[in-house]
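Below is one structure; the comments refer to it alone.
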Amino acid sequence: MISIMKQSNHNNSKINFLSKAGAVIAALAFWQIAAMRIHQKILLVSPWEVFLRLTTIWQVKGFVSSIGFTFGHIVLGFVLGLVSGMLFAFLASRFSLVDTLLWPWVVTIKSVPVASFVIICLIWLSAGNLSVFISFLIVFPVVYQNLLTGLRSTDPKMQEMAKIFRLPWYRKLLFISLPQLEPYLLSACSLSIGMSWKAGVAAEIIGTPDGSIGQMLYYAKIYLDTDDLLAWTVIIVLISICFEKLFVFCLKRLFALLYRI
Amino acid sequence: MPIRITNLCKEYNGKPVLSHLNLTLESHTNTVLMGPSGCGKTTLLHILLGLTLPDAGEIIGMPAKKSAVFQENRLCEQFSVLANIRLVTGKSIPLSEICRHLSAVGLGEKHLLSQPVEEFSGGMKRRLAIVRAVLADSDIILLDEPFKGMDSATKLLVMDYFRTCTAGKTTLLVTHDETEADYLRARCISLYPPADNTSYT
């Protein structure tokens, strides 16, 4: 019975993968046909030309350093947003005043367009540090609100158990709070990593710090290098997805290690 | 020192659950609390555990160090059997002692020790919850229908374990099953509220 169920699940995931691959091929074919019909590289470059540009773009001067610059800044902003979001969520779960005081900030950060923040922040910060701050601003409310929801939905019956057995705070945190926070933390990280890359690169395009991916994209726009523009976009998407998958994988491994205590 | 409960009252939404309950629980004795559903057995247990406040009445002599088996197992499901025990005992009890207790309730196989509790059956979880309560450092153990969901052979095994390990300890066990009280050779209190809600038999 179990082997039949496993076989069925395996077949379902295979069908799911094949249908998604089919959809991607169809989209690429549509793009290729549209590019061929328009036949103007400036307006729409074909996926094949983007692919060809990807095979040579690594030779561009400053390719690795610009990826390193942008990666370092966005990841730093993400880590700062993650740590402070967790810290303030824990504080807000204990003291409702913290949540009340943070409410206008969180609502403002969530509703104000990224571009407005970038322009305002350019007055205070150097263009080089802008992506760190913008990435932090995007990550903080997502992590804060997700974790606060998780902390508030902690099972009261488990808290009662902890009270009866007089568990010290660190055991309550490790054995009761963290396992219940796992899905909230994973979804917050998964969601905010993609958002931090989008906002961070947008900040770099507006601020154009030297030696960043944002500057490369800006130059591609100025010189109407559509194939460069799309090749860099593909690179950003790939780095963002790889970082997200790697980070979520590491986080899951950490939880698996915790459960083996 | 016995635990004296005097004139204990508790009501939910205007409906009295416990009304002027007077009870004495002898220390170092197994006591079984019986009665029909809804007569306030679990409410009394929760009041004794300090999880619910009574509307009126007094409890004298309740020890500070308590241990419990709740109606639900309340185990840390993702963690191993050993981690669930160590959660309440710390490192104060040697591994060999923990294994001895687990063996006594039929959870002695070595591979079970590191197995996540979420992979256990309901009966196995119940047995683990009982072992956890017995091993926890406490002066009183309160148990809410601890043997429910067990087949008769397992029930006898676990009751034997419970009777042996709690000899000389103060325990209060809530059950519907009279045979459990007989088997545990416990002092039995029947909680049958009278129609006029003035006193208990």
Side-chain angles (χ1 to χ4, degrees), chain A residues 1-6 9 86 90 93-94 146-147 149-190 247-261, chain B residues 42-43 45-53 62-93 111 113-119 125 128-144 172:
Chain A
M1 187 70 169
I2 289 168
S3 69
I4 292 169
M5 279 171 70
K6 276 185 181 170
N9 283 343
M86 285 167 73
F90 275 108
S93 71
R94 295 293 301 272
N146 260 278
L147 283 196
T149 309
L151 284 164
R152 283 182 176 162
S153 54
T154 305
D155 187 358
K157 289 183 172 172
M158 292 304 281
Q159 298 292 341
E160 285 178 356
M161 183 275 286
K163 186 185 165 191
I164 297 303
F165 288 109
R166 303 170 303 282
L167 301 186
W169 68 268
Y170 59 90
R171 281 198 208 145
K172 268 195 272 185
L173 178 74
L174 282 177
F175 286 82
I176 297 170
S177 300
L178 280 180
Q180 289 182 359
L181 282 181
E182 185 188 357
Y184 295 94
L185 189 60
L186 285 174
S187 95
C189 289
S190 186
F247 191 84
V248 170
F249 172 78
C250 291
L251 210 56
K252 281 183 178 171
R253 292 294 305 158
L254 268 177
F255 274 104
L257 282 175
L258 169 72
Y259 299 146
R260 271 193 234 148
I261 286 176
Chain B
T42 299
T43 303
L45 228 60
H46 278 217
I47 291 172
L48 290 172
L49 282 168
L51 301 175
T52 305
L53 282 175
M62 188 65 190
K65 281 200 253 176
K66 296 164 219 157
S67 173
V69 174
F70 302 91
Q71 235 170 23
E72 319 80 17
N73 297 314
R74 303 196 191 185
L75 296 163
C76 299
E77 296 273 329
Q78 298 95 330
F79 290 87
S80 68
V81 169
L82 187 61
N84 269 279
I85 303 275
R86 289 269 194 235
L87 173 68
V88 299
T89 63
K91 303 249 173 184
S92 61
I93 297 175
H111 72 274
L113 209 61
S114 56
Q115 203 166 323
V117 172
E118 63 193 351
E119 292 171 14
K125 286 179 188 174
L128 177 60
I130 293 170
V131 173
R132 180 181 68 176
V134 168
L135 284 176
D137 178 26
S138 66
D139 296 322
I140 183 167
I141 310 175
L142 299 118
L143 308 96
D144 200 348
L172 178 63

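A note on names: the letters A, B, ... follow the listed sequences, proteins ahead of strands, and every chain is numbered from 1. Quick caveat, the model's predicted, so the values are computed rather than measured.
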Quick one: which of B:P116, B:G90, B:S114 has the most heavy-atom pairs under 4.5 Å with chain A, could you say? B:G90
Exactly one of B:R132, B:R74, B:K66, B:K65 should register a side-chain contact (heavy atoms from CB on, under 4.5 Å) with A:F165. Which one does? B:R132
As an exercise, state the distance from OH of A:Y259 to CD of B:E77, rounded to the nearest 0.5 Å. 11.5 Å
Would you mind checking which part of B:F79 comes under 4.5 Å of any heavy atom in chain A, side chain (CB onward), backbone (N, CA, C, O), both or neither? both
Under 4.5 Å from a heavy atom of chain B, the part of A:R171 involved: both
How long is the span from the CD1 atom in A:I176 to the SG atom in B:C76, to the nearest 0.5 Å? 5.0 Å
Supply the atom-to-atom distance A:L174 CG to B:L87 CG, rounded to the nearest 0.5 angstrom. 9.5 Å
Count the heavy atoms belonging to other residues, nucleotides or ligands that lie under 6.0 Å from CG of A:L257, then report whether that count exceeds 12. yes
So for B:L82, is it side chain, backbone, both, or neither that comes closer than 4.5 Å to the heavy atoms of chain A? neither
Between A:I164 and B:L51, is the side chain to side chain contact (heavy atoms under 4.5 Å, CB included) condition met? List the steps. CA-CA 9 Å; A:I164 297 303; B:L51 301 175; 3.9 Å; yes
Ranking B:G50, B:S80, B:A68, B:S138 by heavy-atom pairs under 4.5 Å to chain A gives rank one to B:A68
By a 4.5 Å heavy-atom criterion (distance strictly below it), what part of A:L167 contacts chain B: side chain, backbone, both, or neither? side chain
Chain A contact via B:A64 - which portion, at a heavy-atom distance below 4.5 Å: backbone
Taking atom CD of B:Q78 and atom CZ of A:F255, what is their separation to the nearest 0.5 Å? 9.5 Å
Could you name the residues of residues 153-163 of chain A that have a heavy atom within less than 4.5 Å of a heavy atom in chain B? A:K157, A:M158, A:E160, A:M161, A:K163
